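A quick note: this is a predicted structure, and the numbers were derived from the prediction, not measured. Proteins come first, then strands; the chains are lettered A, B, ... in the order of their sequence lines, and each starts at number 1.
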Number of protein chains: 2
Amino acid sequence: MLELKGHTGDDLCRSMLERHADVISVQKPDVALKKLKIIISAALKLSNSKGFQAMSLRDLSKESGVSMGGLYAYFDSKTTLLNMILSEVTGAVDSVLGNPPPEVVSDPIEHLKWLIEAHIRLTEEMQPWFSFAFMEAKNFPAKERGRAVDSEALTESLFAEVTARAIADGRFRPGVTPLLPTMIKPLLQDWYVKRAKYRRRKVSVDDYIAAVQEMVLTTCLPVDQLSHPAAG
Amino acid sequence: MLELKGHTGDDLCRSMLERHADVISVQKPDVALKKLKIIISAALKLSNSKGFQAMSLRDLSKESGVSMGGLYAYFDSKTTLLNMILSEVTGAVDSVLGNPPPEVVSDPIEHLKWLIEAHIRLTEEMQPWFSFAFMEAKNFPAKERGRAVDSEALTESLFAEVTARAIADGRFRPGVTPLLPTMIKPLLQDWYVKRAKYRRRKVSVDDYIAAVQEMVLTTCLPVDQLSHPAAG
DNA sequence: ACTTGTCAAGCGAGCGTTCGTTCTATAAAT
DNA sequence: ATTTATAGAACGAACGCTCGCTTGACAAGT
């Protein structure tokens, strides 16, 4: 089973500290990391329940137990806080989906299956972060919204490339809808957008990965290559 | 081709006037309708570009050309405005998807195809309304958020019912994923969530309906019933 | 024909509140 | 003693909402 490394809350906050050392005025790394984790997890919790823009810094102060002034030791504006989180999400997408293991890139079908699995596993590990970055994106200031949109476009382009390669290699059924790469995205996004629903229904990550892979492959593979129970 | 009636901006605002006659203090129906249309279209435009909660009533006043006081002749609070729009959306979903034409209900496959088409055509006609109701829902006050969630659940239950019926009738391939009805929803929602993208790529409503129907039916029909180019 | 009275409709300054942000005083650590 | 971290009061701007005033169409009275 695919393993992703380096995307726990701890890893991500550590990366944030490096990336934004210029605006974070707290010097001691261990103190900074400990508090940053508390602040970020409170920010994700509040944003994902009431929206980033509706979350006031007083809410965040109360939820995290850090005073108003204390918060401003970790960012210099509310928009900077937004950007700090956003950077980690887009960075994770780039580094994970952009670096497929060598053994899958030669076969577009395997590459496609890997992209589906990697995307779902990454969003599972970073669920509140993805909800934040893409569900809230519409309400972001213009520049930050643009970054979220670009990140989404990049993901879709990866699916478009691998699909085009599969078609060029004659691996797909002729006449399969050109909308296929576009339609994969909403299926993947549903995993983190509606995470609570799937949890309630006891659908596991593996169940969901298998279901999406089945639906996509059944749509695009030639009929004679379909195996009825979920393909191995 | 399926025709839906009664969901133009004009129809919807007329319905709003009746439904909320108690809070709308403007008496002359033609005056009220004309202004309400202006106000609602401005509200949808602003909400969909910056979020409902980020839209101030001063923004709305400026965009619609109606003064602050004038706005309050049409609603008694910002939340009431939200509810007025929300009611029209959930009402349209109930009345359209809940009333399939008699000729499709006997055949679950035809019913399923009809549900897909009707959903996409309805959201096409009411695109800004659906974006408002479901993309903004997360930021709504608790009660209003509940109404949006309920409406989504109702839609999914319609797909679950027709799917269950198809399986009971032996019309689906054995072993098709039980997640199918759940996965249809995100495909349908993408049409109004990412409407701008599809417009840019010159994907028509009919193209999209055909693509979703193809993907869903290819996934669930027995292999020997698949026709390779989009089924008629 | 012209004035006057009436009232629905519309306006925008201003209310109290809360927002993001800053600042100063203090506590803790080295 | 000096740096580092923290708390929370204070500030101006902007928020949802209210309210007293103006406008304009129309009917009654002359």
Side-chain angles (χ1 to χ4, degrees), chain A residues 13 17 20-40 42-43 46-47 50-85 136 139-144, chain B residues 13 17 20-40 42-43 46-47 50-85 136 139-144:
Chain A
C13 289
L17 278 176
H20 299 275
D22 52 330
V23 307
I24 298 178
S25 72
V26 175
Q27 301 298 317
K28 292 186 66 180
D30 52 336
V31 175
L33 180 62
K34 204 184 78 177
K35 268 216 170 173
L36 188 60
K37 277 162 60 182
I38 293 174
I39 293 172
I40 296 300
L46 291 174
S47 293
K50 52 158 61 182
F52 176 75
Q53 123 97 20
M55 170 193 77
S56 75
L57 294 184
R58 283 171 182 80
D59 290 338
L60 181 56
S61 169
K62 189 176 279 183
E63 175 76 25
S64 65
V66 178
S67 68
M68 295 291 291
L71 292 177
Y72 273 80
Y74 293 86
F75 47 80
D76 56 10
S77 78
K78 198 185 176 191
T79 300
T80 297
L81 170 62
L82 165 57
N83 274 309
M84 289 166 68
I85 300 176
E136 294 295 327
N139 306 335
F140 290 169
K143 205 179 100 186
E144 285 70 25
Chain B
C13 288
L17 279 176
H20 300 274
D22 52 330
V23 308
I24 298 178
S25 70
V26 176
Q27 301 298 318
K28 291 185 68 179
D30 52 338
V31 175
L33 181 60
K34 204 184 79 177
K35 270 218 168 173
L36 188 60
K37 277 163 61 181
I38 293 174
I39 293 171
I40 296 300
L46 291 175
S47 294
K50 52 160 57 185
F52 176 76
Q53 122 98 19
M55 171 192 78
S56 75
L57 293 182
R58 283 170 184 82
D59 290 339
L60 181 56
S61 168
K62 191 177 276 183
E63 175 76 24
S64 64
V66 178
S67 67
M68 292 291 294
L71 292 177
Y72 273 81
Y74 293 86
F75 47 81
D76 56 11
S77 78
K78 198 185 174 191
T79 300
T80 297
L81 171 62
L82 165 58
N83 274 311
M84 289 166 69
I85 300 176
E136 295 295 327
N139 305 335
F140 291 169
K143 205 180 101 188
E144 285 70 25

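Look at CG on Leu82(B): it is 14 Å from C1' on dG16(D), rounded to the nearest Å. As rounded to whole Å, 13 Å separates atom P of dT22(C) from atom CG of Leu71(A). Spacing between atom OH of Tyr72(B) and atom P of dC21(D) amounts to 22 Å, rounded to whole angstrom units. One interatomic measurement links the two molecules: CG of Leu33(A) to P of dA5(D), which rounds to 14 Å at whole-angstrom precision. Put simply, CZ on Arg58(B) is 13 Å from P on dT18(D), counting in whole angstrom units. Atoms CD1 (Ile24(B)) and P (dA8(C)) sit 17 Å apart, rounded to a whole Å. Here dA14(D) presents its P atom at 12 Å from NZ of Lys50(B), a figure rounded to the nearest Å. Atom pair Leu57(B):CG and dC15(C):C1' shows a separation of 15 Å (rounding to whole Å applied).
Of the residues Leu71(A), Asp76(A), Leu60(A), the one that meets the side chain to side chain contact (heavy atoms under 4.5 Å, CB included) test with Leu81(A) is Leu60(A).
The line from CG of Leu36(A) to CZ of Phe75(A) is 9.5 Å long, rounded to the nearest 0.5 Å. One distance of note links OH of Tyr74(B) with CD1 of Ile40(B); it measures 10.5 Å at 0.5 Å rounding.
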**Request:** Show the numbers, then the answer: is there a side chain to side chain contact (heavy atoms under 4.5 Å, CB included) between Val66(B) and Lys35(B)?
**Result:** CA-CA 8 Å; Val66(B) 178; Lys35(B) 270 218 168 173; 4.2 Å; yes
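You'll find that the side chain of Lys28(A) is closest to dA5(D), out of dC15(D), dC17(D), dA5(D). Comparing dT22(C), dG12(C), dA5(D) by their closest approach to the side chain of Val26(A) singles out dA5(D). Distance from the side chain of Lys78(A) is smallest to dG20(C) among dG16(D), dA9(C), dG20(C).
Comparing Gln27(A) and Met55(B), the nucleotide of DNA chain D nearest to each residue sits closer to the 5' end for Gln27(A). Mapping Lys35(A) and Gln53(B) onto DNA chain D by nearest heavy atom places Lys35(A) closer to the 5' end of the strand.
For dC19(C), the OP1/OP2 oxygens have a side-chain nitrogen or oxygen of Ser56(A) closer than 4.0 Å.
Here Ser25(B) lies in heavy-atom contact (under 4.0 Å) with sugar-phosphate atoms only.
Contact detail for Asn139(B) and Gly51(A): the closest heavy-atom pair is OD1-CA, 3.3 Å.
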